[in-house]
**Student:** 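My structure is below; once you've seen it, I'll send some questions.
Remember, it's a predicted structure, so these values are computed and weren't measured experimentally. Whatever order the structure lists ligands and atoms in, that order sets their numbers, starting from 1.
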Amino acid sequence: MLLRGIAALLGPDLTYAPSVDIRTEGGMFAKIAPRLAPDAGERAIDGSGLLASPGFVNCHTHIGDSIAKDVAAGTGVDERVHPVYGVKSRVLGGTDPGQLAAFMAASCRSMLAGGTTTFADFREGGIQGVSLLRRACRGIPVRAVILGRTDAYQDEGQIRENQPPEAGGALGDLLEHCDGVGISGANEHSDAALAQYSKTSKLRAIHAAETDHSVQESLRMTGRGEVERALLARPHFLVHMTRATVPELEAASSISGVVACPRSNMVLGGRMPDLRGMVGAGCTVALGTDNVMVNSPDMFREMEFAWKGAGGGLAAPDVLRMATVNGGRVLGMNVGVIREGAAADYILLERHHVDLDIMHDPHAALVHRAGPGSIRAVAVGGRIVHGRA
Ligand SMILES: [Zn+2]
């Protein structure tokens with residue numbers, strides 16, 4: 001397929017090109033040049049009036065709680081989503097799995113319609129939970145990165161005594177079914193359990209420094225910082241880091257990406273993540289929308305909130321990079337960027353949509369004006385999967 005004469009945000013810097021031709025072939029961006037002649041039989045699309053952006057990469061979701069939208073709104077993080085005693089686990093435990101899957105599928109469709117072409121989900125419930133999410137995603141062409149967990153949490157005594165995790169077989173079995181582990185946090189695991197995760201070969205991610213309480217709990221139980229302990233799992237990325245200190249961010253930057261969830265952090269943790277500080281410390285920062293219970297899985301909303309909440313500390317292209325290019329990097333996937341050889345996941349926006357016309361600044365327009373309503377089409381692997389081109 002050939003997109004002709006289209007405006008596009010190209011490469012890792014999202015460089016604006018006012019008019020370019022983009023060929024997709026075999027699911028990838030095959031050729032990008034000022035003028036390309038269509039091959040025999042190739043479908044050509046007139047790109048005038050359109051802006052091509054990389055598809056969004058939503059690096060942190062819990063779509064398992066899509067049925068619990070706004071349940072216990074106004075209460076704290078532990079009351080809502082603590083893995084052992086939060087209201088979320090009660091609601092989910094008391095609901096028919098088929099119904100849970102139907103609401104998860106709705107969130108997947110919502111993400112595609114909002115330009116999210118890849119998402120990474122922390123999935124509770126062991127192999128069963130992973131299978132349920134796979135079932136929900138069936139037939140929906142969004143790329144789902146499923147990070148499972150064994151739901152084996154250790155108590156304070158076990159952590160203080162540094163007891164080994166339960167038989168390691170459960171983790172190995174789980175990882176045969178998913179793309180990696182999404183660890184609830186260092187405060188539910190001994191050093192030995194965290195070290196066990198570090199030896200697994202798939203993607204590893206962990207919540208860290210989300211709230212004052214979680215940071216203090218780590219110090220109280222172990223005498224060590226939560227981030228220091230989370231890094232024992234050698235995560236590919238740390239989620240939240242809202243309370244991380246500069247030295248902790250610097251320590252994280254050398255081995256991990258950081259996924260920030262600004263809207264969720266304001267609701268559940270009462271503080272904006274210091275996105276500018278994270279970038280300054282050398283972190284690769286990506287964005288996530290976190291629990292559907294708390295937030296819509298809408299990257300447009302997340303970007304606007306991140307940009308304005310940073311109080312002038314970030315430029316619009318920085319924020320857009322967090323929602324696209326950096327997401328691909330953090331997940332180790334060839335997505336989130338329009339360049340030759342990358343997966344052809346993209347969004348076509350109507351430049352003359354009432355909310356966007358006149359588009360003086362394409363990056364700013366995308367970050368804080370565009371929305372699902374200004375999308376003409378979304379493509380995953382070169383195939384239009386939402387809207388029409
Ligand atoms: Zn989370």
Side-chain angles (χ1 to χ4, degrees), residues 57-72 75-89 91-92 104 107 111 116 118-125 129-130 133 144-151 153 178-189 197 203-211 213-215 217 226-227 230 233 235-244 252 256-273 278 285-299 301-302 305-306 322 327 330-331:
V57 182
N58 186 345
C59 280
H60 188 60
T61 63
H62 299 255
I63 71 165
D65 58 17
S66 296
I67 200 167
K69 294 183 183 80
D70 304 320
V71 168
T75 60
V77 57
D78 285 343
E79 288 90 334
R80 290 207 230 189
V81 297
H82 191 279
V84 178
Y85 56 80
V87 64
K88 166 178 164 168
S89 60
V91 172
L92 268 53
M104 287 190 233
S107 287
M111 283 194 272
T116 294
T118 298
F119 73 101
D121 196 81
F122 268 34
R123 186 68 196 119
E124 298 91 347
V130 169
L133 179 51
V145 176
I146 303 178
L147 304 175
R149 68 171 73 151
T150 58
D151 285 342
Y153 306 109
C178 57
D179 303 298
V181 284
I183 308 162
S184 62
N187 290 345
E188 292 89 41
H189 297 86
Y197 288 117
L203 209 50
R204 298 178 295 276
I206 184 166
H207 291 128
E210 181 177 7
T211 63
H213 178 70
S214 69
V215 168
E217 274 296 278
E226 191 187 354
V227 175
H236 294 90
F237 62 94
L238 296 139
V239 179
H240 297 312
M241 297 289 273
T242 320
R243 263 57 175 188
S256 305
V258 172
V259 174
C261 307
R263 288 184 302 161
S264 170
N265 292 148
M266 279 305 288
V267 172
L268 299 178
R271 191 191 295 179
M272 277 295 286
M278 290 173 179
V285 182
L287 294 177
T289 60
D290 210 358
N291 299 75
V292 180
M293 186 176 171
V294 175
N295 280 318
S296 56
D298 182 337
M299 290 294 278
R301 288 187 180 209
E302 202 66 48
F305 196 88
M322 291 176 185
V330 161
L331 298 179

**Student:** If you look at Asp290, which of its N/O/S atoms is nearest to the Zn ion (ligand 1)?
**Tutor:** OD1
**Student:** Measure across Pro297 and Thr289 and return the closest heavy-atom pair with its distance rounded to 0.1 Å.
**Tutor:** CA-OG1, 3.5 Å
**Student:** Can you tell me the angle formed at the Zn ion (ligand 1) by NE2 of His62 and NE2 of His60, to 10°?
**Tutor:** 100°
**Student:** So that I can check it, does any N, O or S atom in His240 come closer than 2.8 Å to the Zn ion (ligand 1)?
**Tutor:** no
**Student:** For Ala205, what residues pass the side chain to side chain contact (heavy atoms under 4.5 Å, CB included) criterion, not counting sequence neighbours?
**Tutor:** Phe122, Leu147, Phe237
**Student:** Under a 4.0 Å threshold between the charged nitrogen and the carboxylate oxygen, would Arg243 count as salt-bridged to Glu226?
**Tutor:** no
**Student:** List the residues meeting side chain to side chain contact (heavy atoms under 4.5 Å, CB included) with Arg301, not counting sequence neighbours, and say none if there are none.
**Tutor:** Arg263, Ser296, Asp298
